[in-house]
Structure formats: structure tokens, C-alpha cells
Amino acid sequence: AAASGGYKRQEDAAAKQAIACGADAASRLPLPAAGMWEGYATPLAEKARADQPSFILASASRRGRDVAAQVAALMDAPCFTDGKNITVSGDTVTCETLMYGGAAVKTASTTAPLVLVTMGDKAYDPAPADASRSGDVAVLPYASNGATVTERRARPAQTGNLGEAAKVVGVGRGFTE
């Protein structure tokens with residue numbers, strides 16, 4: 001089953017934006033109604049084997065980190081999570097990664113031919129968009145991983161008023177009453 005029409009429009013818009021900002025091509029990943037995003041790990045690894053990119057960048061969301069780690073394992077490639085300040089010097093890729101909830105930064109380097117990096121949406125300013133750019137938008141095939149989703153439901157919104165809270169705990173920032 002294909003993704004709903006609204007979601008397909010979002011995928012198309014994101015693919016066109018990626019091309020306008022400098023990508024030569026983009027892939028859409030339509031999620032089947034009973035599928036999980038993890039079902040794209042094998043097709044993504046197969047595409048990487050065929051295309052031989054130097055980098056694969058993924059969202060630093062829980063799902064993005066999970067799929068990136070699976071692709072890295074399938075490709076026997078390093079995966080830097082929550083990456084920032086990526087530099088390339090010759091064959092060496094250096095990346096800073098956040099540790100301890102962002103309280104510390106670790107710098108790691110690799111000479112691997114493929115590097116996966118997960119990063120937040122605002123890790124870098126977007127490249128200027130050029131609407132005249134064109135590129136291919138392909139639909140990547142889904143490969144079932146054996147798991148079936150039987151239900152999807154939105155998490156109920158939760159709100160809180162910090163001013164009325166008896167205690168507020170800020171991880172890494174201390175405690176206050």
C-alpha cells in the first residue's frame with residue numbers, strides 16, 4: 001500500500017527542495033500501511049552499494065538514528081550520531097558528536113570510504129535554493145523486515161505549566177524546587 005496522498009505530497013516537496021538546494025537526485029521512501037521505517041535499511045544499503053556515495057546524512061530523530069545504524073552495519077561503515085562540524089581533509093573525515101545530552105563534544109575521524117552521519121534539522125543553514133535545478137526523484141522499494149504494524153495512533157498532546165510545578169528537574173542543569 002502506498003503512503004496517503006498528503007504524505008506523498010510532503011515527500012515530493014522535500015525531494016524537490018533537496019534538489020533545489022544542491023542534491024543531484026533524491027529518493028522517496030513511501031511507508032506501507034503495515035510497514036516500519038526499518039524496512040528501508042536493506043534497500044538503502046543496496047542503493048549505497050550501487051551508487052557508492054561518500055556520505056549518507058540522516059535525521060537525528062530516533063527513527064533516523066536507528067535506520068542509519070542498521071545501514072552502517074550492513075555496509076560495515078562508521079556512523080556518527082548527532083554530528084556537527086563535519087570536515088574533509090584528503091581521505092580523512094572528521095566529525096564532532098554530542099555526548100551526555102549535549103554537555104560534551106567528542107571529535108572522531110575516519111578514513112572509511114563511506115560515512116553515515118545523523119544530524120539535527122538545524123545543524124547547518126540550508127544551502128540557497130535554486131528553483132531552476134532539476135534532478136531525478138526515485139521511489140525506493142520497501143523490503144519487509146518481518147514485523148507488521150497493526151495500529152498507528154497519535155500520542156496525546158501533553159502540556160504542563162512550569163510555574164505551577166512543585167518540582168522541576170532539568171537534566172544536566174541541576175535541580176530546583
Side-chain angles (χ1 to χ4, degrees), residues 3 7 10-32 35-130 133 135-149 171-173:
Y7 191 73
Q10 289 175 343
E11 289 176 332
D12 286 340
K16 288 176 184 173
Q17 180 68 21
I19 290 169
C21 290
D24 293 322
S27 296
R28 285 187 39 247
L29 311 176
L31 183 63
M36 298 174 61
W37 288 114
E38 289 82 351
Y40 278 110
T42 298
L44 283 166
E46 290 169 356
K47 183 159 180 50
R49 278 189 195 97
D51 294 352
Q52 298 186 339
S54 299
F55 290 98
I56 295 177
L57 305 177
S59 168
S61 66
R62 287 183 294 182
R63 206 46 61 116
R65 284 191 288 256
D66 182 37
V67 173
Q70 289 182 41
V71 172
L74 290 167
M75 298 294 297
D76 194 26
C79 182
F80 298 129
T81 57
D82 295 320
K84 291 185 176 244
N85 299 325
I86 302 167
T87 59
V88 179
S89 177
D91 291 339
T92 302
V93 176
T94 302
C95 183
E96 292 180 354
T97 60
L98 300 176
M99 298 173 41
Y100 308 118
V105 176
K106 175 176 105 175
T107 302
S109 296
T110 183
T111 57
L114 171 65
V115 179
L116 286 88
V117 181
T118 67
M119 59 179 51
D121 294 339
K122 307 222 188 271
Y124 291 96
D125 292 331
D130 177 357
R133 282 186 49 83
D136 293 329
V137 178
V139 176
L140 199 63
Y142 180 81
S144 176
N145 59 0
T148 301
V149 175
V171 177
R173 305 278 186 219

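A quick note: this is a predicted structure, and the numbers were derived from the prediction, not measured. All residue numbers refer to positions in the sequence shown, counting from 1.
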Straight-line distance of [X] [atom1] to [Y] [atom2], nearest 0.5 Å:
X   : Y    : atom1 : atom2 : answer
K16 : C21  : NZ    : SG    : 14.5 Å
T81 : K106 : OG1   : NZ    : 8.0 Å
D24 : D136 : CG    : CG    : 9.5 Å
F55 : L114 : CZ    : CG    : 9.5 Å
C95 : M119 : SG    : CE    : 6.5 Å
E96 : T107 : CD    : OG1   : 4.5 Å

For [Y], is there any backbone N or O sitting under 3.5 Å from a side-chain donor or acceptor partner on [X]?
X    : Y    : result
R133 : G22  : yes
S89  : T92  : no
Y40  : P141 : no

Is there a side-chain contact between [X] and [Y] in this structure, where contact means two heavy atoms from C-beta onward sitting under 4.5 Å apart?
X    : Y    : result
F80  : L116 : no
V105 : T97  : no
P30  : V139 : yes
L29  : W37  : yes
R28  : L140 : no
R49  : M75  : yes
T148 : M36  : no
S54  : V115 : no

Q. For D125, what residues pass the salt bridge (Lys or Arg N to Asp or Glu O under 4.0 Å) criterion, not counting sequence neighbours?
A. none
Quick one: closest heavy-atom pair of [X] and [Y], and the distance?
X    : Y   : result
T118 : A60 : CB-CA, 4.0 Å
S109 : T94 : OG-OG1, 2.9 Å
A48  : P53 : O-CD, 3.4 Å

Q. Under 6.0 Å from the CG atom of D91, do we count more than 12 heavy atoms belonging to anything else shown?
A. no
Q) Does D130 CG have over 12 foreign heavy atoms under 6.0 Å away? A)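 Yes, because the 6.0 Å sphere around CG of D130 holds more than 12 heavy atoms from other groups.
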Q) Who pairs with A69 by side-chain contact (heavy atoms from CB on, under 4.5 Å), at least two apart in sequence or on another chain? A) none
